[in-house]
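Side chains included, hydrogens not; waters and symmetry mates left out as well; all remaining heavy atoms used. Each chain gets a letter, A, B and so on, in the order the sequences are listed, and its residues count up from 1.
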Protein chains: 2
Amino acid sequence: MPRPTVQRLSLYLRELERLAAEGRTTVSSRHLGTSSGATDAQVRKDLGFIGHAGQPGVGYAIDDLIVAIREAIGVHRAWRAAIVGAGNVGRALAAYGRFQEEGFVIAAIFDQSPAVVGRQVAGMPVQAMEAMPRAVRDGAIDIGIIAVPPEQAQPVADALVAAGVRGILNFAPTRLQVADRVATVDVDFRSALERLAMEVSERSRSRRER
Amino acid sequence: MPRPTVQRLSLYLRELERLAAEGRTTVSSRHLGTSSGATDAQVRKDLGFIGHAGQPGVGYAIDDLIVAIREAIGVHRAWRAAIVGAGNVGRALAAYGRFQEEGFVIAAIFDQSPAVVGRQVAGMPVQAMEAMPRAVRDGAIDIGIIAVPPEQAQPVADALVAAGVRGILNFAPTRLQVADRVATVDVDFRSALERLAMEVSERSRSRRER
DNA sequence: CGGTGTGAATCTGTTCACAGCC
DNA sequence: GGCTGTGAACAGATTCACACCG
């Protein structure tokens, strides 16, 4: 399944959930597309990957589709995640309620600094890094979320991998090197901002030329 | 310039700044590549887009390259940004020092809720939404950062566009519809997590098959 | 009709491979 | 020998276009 497809599937999922809440039962590829920024053909291709379920002339059955997408992208079960780093980003993530709704449970939060260890964040005590390996094993943690400064990101990643996590969500602006049995996804504010800066400049440039 | 190129340029920039701090003066495409997760050919292609500056047998002059990349991606000047939404995400962004270092200045923060307006966040008072249009004009705000719940994202975007911002960084899990003179970039935690979930599932699946 | 499913064409981005320069 | 710049081959993803179904 193409990487971009996965990304779009989760957008479709959101729209489908909205439609389901409104009581709709079917939806066309056209509708799903425009509300998620894709073309209708794109939507049909994407849905083709997860085993098509559409009815010509009618569209897709919303409920079935929700189940199928959840299954396909692996959110049909609950994932247990641990946050490393109780700074601004880590705390915001811990408090970000929306994860829970979607099947991601923040099970623990860790920090290196003794000054922070022991404090409560979103109802959980911040634990020392030393406690992490054991907590990951005992708490059946699948995913590590890295919210530490860039210099510490790689060592933290190594520790998480050694402890046995299967995926890492990385908020630090660094490329992590990990064993390839472990999946990593980067969320990089800075490069998002830079992408934006770039596009804004580009637009004013082309405006000037006109 | 291809979208993925821009993304990588900002990774190169980080590595270049690190190397410059170490006192190095030149760098090869190979080095730049491995440290940012790209191939050497890729790096050369990317740098080709911004007007090549490399010397065969030697590599690229680090200082020149830093300037050239900054110019190319539009971070050679300071951008002024305003955050809308003083919830967890908005507050974390306001406090996230790293932006400042990179030429993005958070100039103001707004929220709809009277309960929050007036409180201090990262040394700034949270302002009412009604104050936004004027603040954007008077404060020469280039960029709006949306950190509100998904239902409010579109109206907030409309208000920002009407007030005259030129770019929007969107942290809400919604696709925004805006005039195309305005650039938007999405940062979506949820779909990042879902992508991760997907990749983790995929890996265990292929492991099982082996 | 309105709508899906899908091969074929196209576009976009990446890798290869190699000539040429220091 | 080390390293860049770049056409040419390749791979991946998107769009097109159209047959087919209710």
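Legend: residues meeting side-chain contact (heavy atoms from CB on, under 4.5 Å) with A/S113, ordered by chain and number and at least two apart, are A/D111, A/A115, A/V116. For A/D158, the side-chain contact (heavy atoms from CB on, under 4.5 Å) partners are A/Q154, not counting sequence neighbours. Every residue meeting the side-chain contact (heavy atoms from CB on, under 4.5 Å) condition with B/A41, not counting sequence neighbours, appears here in chain and number order: B/T39, B/R44. Scanning for side-chain hydrogen bond (donor to acceptor under 3.5 Å, both in side chains) contacts around A/R3 gives B/E199, with sequence neighbours left out. Under the side-chain hydrogen bond (donor to acceptor under 3.5 Å, both in side chains) criterion, A/Q7 pairs with B/R195, sequence neighbours left out. Shown here are the ring-ring contact (aromatic ring centres under 6.0 Å, His included) partners of A/F171, two or more places apart in sequence or in another chain: B/F189. B/A163 pairs by the side-chain contact (heavy atoms from CB on, under 4.5 Å) definition with B/M132, B/P133, B/V136, not counting sequence neighbours.
Rounded to a whole Å, the NZ atom of B/K45 is 11 Å from the C1' atom of D/dA9. Between B/D64 atom CG and D/dT4 atom C1' the separation is 16 Å, expressed in whole Å. Following rounding to the nearest Å, B/D46 (CG) and D/dG5 (P) show an atom-to-atom distance of 12 Å. Rounded to whole Å, the distance from CD on B/Q42 to P on D/dT6 is 16 Å. With rounding to whole Å, B/I62 atom CD1 is found 15 Å from D/dC3 atom C1'.
DNA chain D lies under 4.0 Å from no heavy atom of any residue of residues 2-12 of chain B. Looking at residues 14-28 of chain A, you'll see A/S28 sit with a heavy atom under 4.0 Å from some atom of DNA chain C.
Other residues, nucleotides and ligands contribute only 12 or fewer heavy atoms inside 6.0 Å of the CD atom of B/Q112.
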(Q) If you apply the rule salt bridge (charged side-chain N to carboxylate O under 4.0 Å, His left out), what do you find for A/R24 with A/E15, and how did you get there? (A) CA-CA 11 Å; A/R24 305 266 318 259; A/E15 177 66 10; over 6 Å; no
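Chain A approaches DNA chain C within less than 4.0 angstrom (heavy atoms of the protein), and the contacting nucleotides run 5' to 3' from C/dG2 to C/dA8.
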Restricting both atoms to N or O, compile the protein contacts to nucleotides 17-22 of chain D shorter than 3.5 Å, with distance only.
none

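Side-chain contact between B/M198 and A/L9: absent, with no pair of heavy atoms (C-beta onward) separated by less than 4.5 Å. In this structure, the side chains of B/L176 and B/I168 come closer than 4.5 Å at one or more pairs of heavy atoms. Contact annotation: the side chain of B/R70 approaches that of B/L13 to within less than 4.5 Å [non-hydrogen atoms, C-beta and beyond].
Among the atoms of the strands shown, none is found under 4.0 Å from any heavy atom of A/G48.
For the pair B/Y60 and D/dG5, the criterion of a side-chain N or O lying under 4.0 Å from OP1 or OP2 is met.
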Atom pairs and distances, side-chain donor-acceptor, residues 53-61 of chain A, under 3.5 Å, sequence neighbours left out:
none

